[in-house]
Amino acid sequence: MPEQPWRNPRPAPQLPEVQPRLGHLLIPTWLRAWWPAVLWAGFIFVMSTDTFSSAHTGSVIEPILRWLFPAITADQFDVIHHLIRKSAHFSEYFVFCLLLFRAVRGARVGWHWSWGLTALVIAACYSCLDEIHQAFVASRTATPYDSLLDSIGAFFAYLALFAWFRFRKPAPPLPTPELS
């Protein structure tokens, strides 16, 4: 191949090196960190309305359980329905605490106990507010036991985060390309 002196011997720069990332310019860092947690808090709020009261969820869950288990009795259905609803409390706040940890941590990496504790306290406080909200909904009942169950779900998320960051194996370093 003949030599071409007009060609630049350096490789072309990669796109991220040349152009700024638009996402960082258009969306503030705090909003990128907090929007999932705020959206989940809205989801929890909607789940605390009349639409998701025990009577309404029972009318949806009962046909499904009767289709799966045709011989189910009314007492058995009540127990299963109760367990599903209490599992939802636990699960909602488990996920909420994970998202709050992500938000509190922001762009930082790793684990710090204060980030997890902050996420846990925010989730527990929101749980109390959620029960207060349910006190004003006619078809809902506000109980401190539900708030405790919510907080236990958040605490288990805290423990899961701690275990994840404490016991996971670090990723192997990426190989560096050799320049010739």
> So which atom in Arg85 and which in Thr57 form the shortest heavy-atom distance, rounded to 0.1 Å?
NH1-OG1, 3.0 Å
> Does Arg108 reach the side chain of Trp115, with side-chain heavy atoms less than 4.5 Å apart?
yes
> Report yes if the side chains of Phe69 and Arg66 come closer than 4.5 Å at any heavy-atom pair, otherwise no.
no
> Decide if the gap between the ring center of Phe101 and the ring center of Trp111 is smaller than 6.0 angstrom.
yes
> Checking Ser127 side chain against Ala123 main chain: does a donor-acceptor pair fall under 3.5 Å?
no
> If you define the side chain from C-beta out and look only at heavy atoms, does anything of Arg140 sit under 4.5 Å from Thr49?
no
> Is there a donor-acceptor pair under 3.5 Å between the side chain of Ser53 and the backbone N or O of Asp50?
yes
> Rounded to the nearest 0.5 Å, how far apart are CD1 of Ile132 and OG of Ser147?
8.5 Å
> Report yes if the side chains of Ile72 and Ile80 come closer than 4.5 Å at any heavy-atom pair, otherwise no.
yes
> I'd like to know if Leu100 and Phe156 are part of one continuous hydrophobic network [Ile/Leu/Val/Met/Phe/Trp/Tyr, side-chain heavy atoms within less than 4.5 Å].
yes
> Is there a path from Ile122 to Leu129 through hydrophobic residues (I, L, V, M, F, W, Y) whose side chains come within less than 4.5 Å of each other?
no
> Taking all heavy atoms of Gln134 and all of Ser48, pick out the closest pair and write down the distance.
NE2-OG, 3.3 Å
> Is the number of heavy atoms from other residues, nucleotides or ligands under 6.0 Å of Phe136 CZ greater than 12?
no
> So if you build clusters from Ile, Leu, Val, Met, Phe, Trp, Tyr with side-chain heavy-atom gaps below 4.5 Å, do Ile84 and Trp67 land together?
yes
> So Cys125 and Val121, do their side chains get closer than 4.5 Å, heavy atoms only?
yes
> For residues His81 and Gly58, report the shortest heavy-atom separation together with the two atoms involved.
NE2-N, 3.3 Å
> How close do Leu149 and His89 get, heavy atom to heavy atom, and via which atoms?
CD2-CB, 3.8 Å
> What's the separation between atom CD in Glu92 and atom CG in Asp130, rounded to the nearest 0.5 Å?
7.5 Å
> Quick check on ring pair (Phe, Tyr, Trp, His ring centres under 6.0 Å): which of Tyr158, Phe155, Phe45, Tyr126 does Phe96 satisfy it with?
Tyr126
> Taking all atoms of both residues into account, what is the closest heavy-atom pair of Lys86 and Asp146, and its distance?
NZ-OD1, 2.6 Å
> Would you call Ile61 and Phe77 a side-chain contact if the rule is heavy atoms closer than 4.5 Å?
yes
> How close do Phe52 and Val46 get, counting heavy atoms only, and between which atoms?
CD1-O, 3.4 Å
> When rounded to the nearest 0.5 angstrom, what distance separates CG in Asp78 from CG in Leu83?
11.0 Å
> So how far is it from Trp40 CH2 to Cys97 SG, rounded to the nearest 0.5 Å?
13.0 Å
> Can you tell me if Arg102 uses its side chain to pair, donor with acceptor, with the backbone of Ala33 under 3.5 Å?
yes
> Are Val104 and Leu159 connected in a single hydrophobic cluster, I mean Ile/Leu/Val/Met/Phe/Trp/Tyr linked by side-chain heavy atoms less than 4.5 Å apart?
yes
> Check the hydrophobic clustering (I, L, V, M, F, W, Y; side-chain heavy atoms under 4.5 Å; chains of links allowed) and say if Leu148 and Met47 are grouped together.
yes
> Could you tell me how the ring of Phe94 sits relative to the ring of Phe90: parallel (under 30°), tilted (30 to 60°) or perpendicular (over 60°)?
parallel
